[in-house]
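Predicted model only: the values in this text are computed from it and were never measured.
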There are 2 protein chains.
Amino acid sequence: MNDDGLSIGKVSEATGLSVHALRFFEREGLFLREIPRTGGGQRVYAQADVDWLALCDRLRASGMPIATIRTFAELVRRGPGNEPERLALLREHEENVRARMDELGACLDVIHTKVAVYERHVREGTAAGVWSPMPSDG
Amino acid sequence: MNDDGLSIGKVSEATGLSVHALRFFEREGLFLREIPRTGGGQRVYAQADVDWLALCDRLRASGMPIATIRTFAELVRRGPGNEPERLALLREHEENVRARMDELGACLDVIHTKVAVYERHVREGTAAGVWSPMPSDG
DNA sequence: CTAAAACCTAGACCGCGCGCTAGGTCAAGG
DNA sequence: CCTTGACCTAGCGCGCGGTCTAGGTTTTAG
């Protein structure tokens, strides 16, 4: 209704983050600016805040800790001039995510091998022996 | 030195898990059997326990909660006959891991796009404007 | 104008996966 | 034998990323 002013509820809906989480993020200093308030003290967000939250959400979903997002937000708030630092931070996270994917891939190999063993086992009707209490296995 | 009897310290070394973690796992019922003790009450592990721990470690590393590992361990302890249940549990986890990898991949796209933007930005010498306090961005 | 819905702050609480401490006991080398 | 280091139990504490409650105020729809 207001030209671009969004209530916390709207932002919650738009981002999928709970209103609790939004207030928590604010306390933690994750926003790029002070969120303005109405006379009565209620937060008024802009679309830009929602866009930033969307990015935060992807960073979080990929395992970036709140503290690191805060560091990044601080760099942005500090204004132009520190782009190389921001880039370094993002690159490092990118590396972390790739590493995590690799690790998951390796785990997947192990798990899938286990699955394959059980599949054969079940298909062939509980072959027994190797599958008793303590056969080095599970 | 004993024919196959491993102290908790040895197992810790062999698995990379802390002795605290090993005792914690035991309290949480993650082992496939009661770990036997010396007369003096010290745990005596076998190689099979270490092998099982290695699997647990991969399950943990891929995000399986302790409670789910316990469920799996309980099935194994219960003995032959429930292999289909074990298989279902493993398959579900495999699916979860794949889903997680997909999610990470999607995040990676977003992050790498951001990285690319910053790379160009930095390469071209702080292009300014779009990078001030609140340009829908970070 | 009123009632309901949405919002506010401060702060307690939660599940997870351990880590660490206190206060002892046990085992192996010299 | 005695020291030293590894081990034992019980149980509290912690960091993370929020959630939830209590008690009150603001906004909005009718």
**Request:** Rounded to the nearest angstrom, tell me the gap between atom NZ in A:Lys10 and atom P in D:dT27.
**Result:** 16 Å

**Item:** Residues B:Glu26, B:Arg37: salt bridge by 4.0 Å N-O rule
**Value:** yes

**Message:** Can you tell me if A:Arg37 touches the phosphate of C:dT9, counting only side-chain N or O atoms and a distance under 4.0 Å to OP1 or OP2?
**Reply:** yes

**Nearest-nucleotide 5' precedence on DNA chain D, A:Phe25 against B:Gly40** = B:Gly40

**Prompt:** So, B:Glu119 and A:Arg91, do they make that salt bridge, N to O below 4.0 Å?
**Reply:** yes

**Request:** May I ask you to verify if any side-chain N or O of B:Thr38 is less than 4.0 angstrom from the OP1 or OP2 atom of C:dC26?
**Result:** no

**Request:** For B:Arg23, answer base if it contacts any base atom (sugar-phosphate contacts may also be present), sugar-phosphate if it contacts only those atoms, and nothing otherwise; contact means non-hydrogen atoms under 4.0 Å.
**Result:** base

**Request:** Let me know the distance between CG of A:Leu6 and P of C:dC7, rounded to the nearest Å.
**Result:** 11 Å

**Prompt:** What are the two closest non-hydrogen atoms of B:Ile111 and A:Leu59, and how far apart are they?
**Reply:** CG1-CD2, 4.0 Å

**Asked** Which nucleotide in the list C:dG17, D:dC8, D:dT19 gets nearest to the side chain of B:Ile8?
**Response** D:dC8

**Message:** Nearest whole Å is fine: how far is C:dC8 C1' from A:His20 NE2?
**Reply:** 12 Å

**Request:** Round to a whole Å and report the spacing from CD of A:Gln42 to C1' of C:dT9.
**Result:** 12 Å

**Asked** Can you tell me how far P of D:dG17 sits from CD1 of A:Ile66, to the nearest Å?
**Response** 5 Å

**Message:** Any side-chain N or O of B:Arg43 below 4.0 angstrom from OP1/OP2 of D:dT9?
**Reply:** yes

**Request:** Give a yes/no on whether any side-chain N or O of B:Ser7 is located under 4.0 angstrom from OP1 or OP2 of D:dA6.
**Result:** no

**Request:** With heavy atoms under 4.0 Å as the rule, sort B:Arg27 into base, sugar-phosphate or nothing.
**Result:** nothing

**Asked** Is the B:Phe72 ring parallel, tilted or perpendicular to the A:Tyr118 ring (thresholds 30°, 60°)?
**Response** perpendicular

**Whole angstrom value for the distance that separates P of C:dG17 from CG of B:Leu53** = 16 Å

**Request:** Can you tell me the distance, in whole Å, between the CD atom of A:Glu28 and the P atom of C:dA10?
**Result:** 14 Å

**Fill in**
Heavy atoms of A:Ile66 and A:Leu30 approach each other most closely as O-CD2, 3.7 Å

**Fill in**
To the nearest angstrom, the CG-C1' distance between B:Leu22 and C:dG17 comes to 14 Å

